[in-house]
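Step one of this worksheet: look at the structure below.
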Amino acid sequence: MTGVTILGATGSIGRSTLDVIARHPERFDVIALTANTNVEGLYQQCLQWQPRMAVMADADCAERLQQRLAAAVNVEVLAGREGLEQVAIHAASDYVMAAIVGAAGLLPTLAAVKAGKRVLLANKEALVMSGRLFMDAVKENQAELLPIDSEHNAIFQCLPPDFSGNLQQNGVRRIVLTASGGPFRCRPVAELGTVTPAEACAHPNWEMGRKISVDSATMMNKGLELIEACWLFNTSTEHIEVVIHPQSLVHSLVEYADGSVLAQLGNPDMRTPIAYALAWPARMTSGVSGLALPAVGRLDFEQVDPNRFPCLDLARQAMNAGGTATAILNAANEVAVQHFLENHLKFTDIPVLVERTLEAVQSSEADSLAGVLAADAAARDYAKQRVGEYSHG
Ligand code: NAD
Ligand code: MG
């Protein structure tokens, strides 16, 4: 049996992971499940899965979960950052699904990497913040890093199985990241200032948590993914093209020197990349149905309009600037998205706040975790101070 720990078990990716695991009870043993403040959600998952450990983000939630579980099942309940790191490095956790959203996922994900685990990486923000440190830690500790993000999982599938870490050596000319364009692809740009959080979260193809849904609507998600791809595949932004593909069936492509372009296709359902990473290098069922090509009929592709989606360029610039600029970008975006979701910031002010923060907060080398966390904190402080100036709540 392979022991699996799921960081962020109550979220969209966490629930999809449990759905896949439920199809293979003879293969996987759930070791630990974690959640932020959703006591009821984690309680129900603990009843069903009876993990050894469960972690809530704070002591109060942990206490409430403990009380509810006491009468039912024997689960050790832990709390906070220490609890997350403890389960991430636990000897029984062979695989760690990193599915916490945002910067909160960085430390436990990095702990799993340093413990040499197979890390199934959904938490792209961790890599955006600390790419160099993260990838160095993967190498030093012989961790297995498998991308869950559908685009990166697709690229991983289209690269040679013995990919050396050097695209050129492997005959790759470029990577093409596909983007759905989100819910506002066709909305007149002049109307974007008044779109609501509910509209932004109504993604046409994917069901996801609220933060990544807003990121998809601004296309900051593709910006974060561009940075993620640079680190995962050891390349730079000029070797990665982003194209809009509204159907979300071609999950990304790799173009080789001879002109061959390999793509990975499938229905937009995260259980495919999750099952791939759980079974790699073999394959197993995921519950996702096959692609009915005649019903699909056509696949469309279009260029990204930088005026509609300024966040993509901001992310590209931050990656090109290097160092802690991507941590600053990520932190400012998290603050902006949270305020947008709380109706305190207009949708179109998200890129404005991110850009101002990037201009104002000094970046530096991202050569220590302390430096990355300091950049994250400085950017959050700055963005929170400035957010009031754009406030319309
Ligand atoms: P979600 O909001 O549905 O779930 C987030 C999970 O993290 C929940 O279990 C929540 O309890 C936990 N969490 C949130 N804040 C926390 C904190 N401060 N401390 C501890 N735990 C915390 O999000 P999601 O859609 O499942 O996305 C998770 C990650 O996967 C994100 O980084 C996202 O970018 C990435 N991702 C998601 C999808 C998708 O289809 N949902 C696709 C690609 C990548
Ligand atoms: Mg993605």
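Values below: every heavy atom of this structure, side chains too, minus hydrogens, waters and symmetry copies. Atoms within each ligand, like the ligands themselves, are counted from 1 in listed order.
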(request) For F309, enumerate each residue passing the ring-ring contact (aromatic ring centres under 6.0 Å, His included) test, keeping only those at least two apart in sequence or located in another chain. (result) none

(request) Among residues two or more places apart or on two chains, list those pairs meeting ring-ring contact (aromatic ring centres under 6.0 Å, His included) that have a residue in residues 89-135. (result) none

(request) Non-hydrogen atoms closer than 4.0 Å to ligand 1: which protein residues do they belong to? List them by chain and number, please. (result) G8, A9, T10, G11, S12, I13, A35, N36, A99, I100, V101, A104, A122, N123, K124, E125, D149, M208, G209, I212, M270

Check the side chains of [Y] and [X] for a donor-acceptor pair under 3.5 angstrom, ignoring hydrogens and angles.
X	Y	result
T237	N320	yes
H203	S180	yes
D313	Q317	no
N166	Q168	no
Q44	Q48	no

(request) Taking the side chain as every heavy atom from C-beta outward, state whether P273 and L120 have any pair of such atoms under 4.5 Å apart. (result) no

(message) Tell me how many protein N, O or S atoms are within a distance shorter than 2.8 Å of the Mg ion (ligand 2).
(response) 3

(message) One thing to verify: whether E144 and K117 come together as a salt bridge, which I'm taking to mean a side-chain N less than 4.0 angstrom from a carboxylate O.
(response) no

